[in-house]
2 protein chains.
Amino acid sequence: MNSNLSLYPSPTVMVDIVIFTVEQDTLKVLLIKRGIEPFYGENALPGGSVQLEHDHTLEDAAKRELEEETGINHTYLEQLYTYGSAQRDPRGWTVSVAYFALVAADEVRLKAGSDAAEAYWHSIQGHRVEFPLAFDHAIILQDAIERLRAKVEYTDIAVHLLPQAFTLSEFQRIYEIIMQETLNKSSFRKRVDQAGIVKPIKGQMRTGSNRPAQLYRFTNTNNNRLFFPRSLVWAEKK
Amino acid sequence: MNSNLSLYPSPTVMVDIVIFTVEQDTLKVLLIKRGIEPFYGENALPGGSVQLEHDHTLEDAAKRELEEETGINHTYLEQLYTYGSAQRDPRGWTVSVAYFALVAADEVRLKAGSDAAEAYWHSIQGHRVEFPLAFDHAIILQDAIERLRAKVEYTDIAVHLLPQAFTLSEFQRIYEIIMQETLNKSSFRKRVDQAGIVKPIKGQMRTGSNRPAQLYRFTNTNNNRLFFPRSLVWAEKK
DNA sequence: GTAATAGTGTCTCTTAGACAATATGCC
DNA sequence: GGCATATTGTCTAAGAGACACTATTAC
């Protein structure tokens, strides 16, 4: 059976998800090695069919995939783009609604999904996706990286890559890793301060063999407001 | 028949399109009065099923809808968002991939689509969609208006609402109509100049009972580059 | 003390916006 | 000239980035 309303055949609808984290000073994406045809044994983004009985919305399906892969059910999740054509899957006309998620590395517990032999973090180097992926997933990943880089400049979504408590240096470092540029410290702090998106946590600090840093936590207060009045301007190279 | 690849039933896939124009100093959207059930006789966005035999991609389907409704086949067209749930259509689980298009008022030739009794321009007043539309189309339209307003601030897409030849005052007026704010004239001109997105047309001018304005045409050169280095800051009210 | 990172302050330069001056058409 | 809109120029203020200074810990 299918649920088609019209006289016309309808394409198969999948949901794929690009899950980013930052770990060991590197931007990483969650990939799986496919356990079924087509593209058996090749790398791909996690994803699957919408389950009409269980998923009430597309976002439900994306959340389900995210939780299946990482065990995480509350984090930053955003619809990326919808890819649909007769060519993108060798089996015929398909539509993939792609999402992208940001998860804090310390919260992830990887498990393999049902059609995946294994799930693992793949490091992203440079600005282009240079490695092969099944279907058009290399294009989807490329688009996701560009969306991430664009939104990081004018929103506060990067906090979702950090643990609950973090220092301003760690926060800045996240920006530098994603953008692959160096940021000016005082400007960054000034703008974080003005944006009012973080709040210092009581007496807590963190150690090293140097001055300890103030810990902060994210404040949800500026919902979807612009982070920076200007777009970020990156530090000049010396 | 259907083309489902999986064991699961797949939702019906539609493409809906939000077509904007600016006419008589007003932002307008193209609506149709539905000629079939459900929502017979109610207002809706133009749209229809993906036709697997004719459309090679989702964008093909959107372009086909756009041309069916307006006769225009080359203009600004961008995927907006994908809406999918069990509830949005009374007939069951559907997915609608929504696009939005900008068309110049002088290029449109309205014709009714196959499932539409009539197509017409509806004026948009204020910042909220206050009138009822079929399905979740009021939400789609609201999202489209917000996307348009957001992108107008940092891209040059507004030129697609103008005729081939236009004056800088007309260009600025488009911004003011979409944003419902007054812009500072000299700042606007300075930035348009720096962005290098328009080029004066040879000796041409346009008349009134006052100094005629230089005519410009759009230059495609800065493909997808940022229009404004800062986001636009609107003129203070006196 | 040194090393290392956290955090702050000052100075300069760019640019948006206010405001006004000038330009050019029609009557 | 008078009116209306086009176009340009000047001044000020806000904010970004360079750079350097101070602060605080471990050793």
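Throughout, protein chains are lettered first and strands after them, A, B, ... in sequence-line order, and every chain is numbered starting at 1.
As a whole-Å value, the separation of A/Asp193 CG from C/dG9 P is 11 Å. Counting to the nearest Å, the C1' atom of C/dA18 and the NZ atom of B/Lys190 are 10 Å from each other. Across the protein-nucleic acid pair, A/Arg191 atom CZ and D/dA14 atom C1' stand 13 Å apart, rounded to whole Å. Nucleotide D/dA16 holds its C1' atom 14 Å from the CD atom of A/Glu153, rounded to whole Å. Computed from coordinates, the B/Leu215 CG to D/dA6 P distance equals 12 Å when rounded to whole Å. Atom CD in B/Gln172 sits about 14 Å away from atom P in C/dA16, given to the nearest Å. Across the protein-nucleic acid pair, A/Gln194 atom CD and D/dG15 atom C1' stand 8 Å apart, rounded to whole Å. As a whole-Å value, the separation of A/Phe166 CZ from C/dA6 C1' is 16 Å.
Residue side chain B/Ser186 reaches the base of D/dG9 through a donor-acceptor N/O pair under 3.5 Å, judged by distance alone.
Aromatic ring pairs are classed by plane angle as parallel below 30°, tilted from 30° to 60° and perpendicular above 60°; the pair A/His122 and A/Phe131 is tilted.
Residue B/Arg211 has its side chain nearest to C/dT24 when only C/dT24, D/dT10, C/dT10 are considered.
Comparing A/Tyr216 and B/Lys185 along DNA chain C, the residue whose closest nucleotide (by nearest heavy atom) sits nearer the 5' end is A/Tyr216.
With A/Asn184 contributing its side chain and A/Ser187 its backbone, the two residues share a donor-acceptor pair below 3.5 Å.
Close to C/dG7, at under 4.0 Å from its OP1 or OP2, lies a side-chain N or O of A/Arg189. Considering only side-chain N and O atoms, B/Asn210 lies nowhere under 4.0 angstrom from the phosphate OP1 or OP2 of D/dC3.
For A/Phe188 and A/Phe171, the ring centers are positioned less than 6.0 Å apart.
Backbone-only engagement by B/Ser169 is indicated by non-hydrogen atom pairs under 4.0 Å involving sugar-phosphate atoms exclusively.
Side chains of B/Gln142 and B/Glu146: a donor-acceptor N/O pair is present below 3.5 angstrom, by distance only.
Between A/Arg149 and A/Glu153 no salt bridge is recorded (no basic side-chain N to carboxylate O distance below 4.0 Å).
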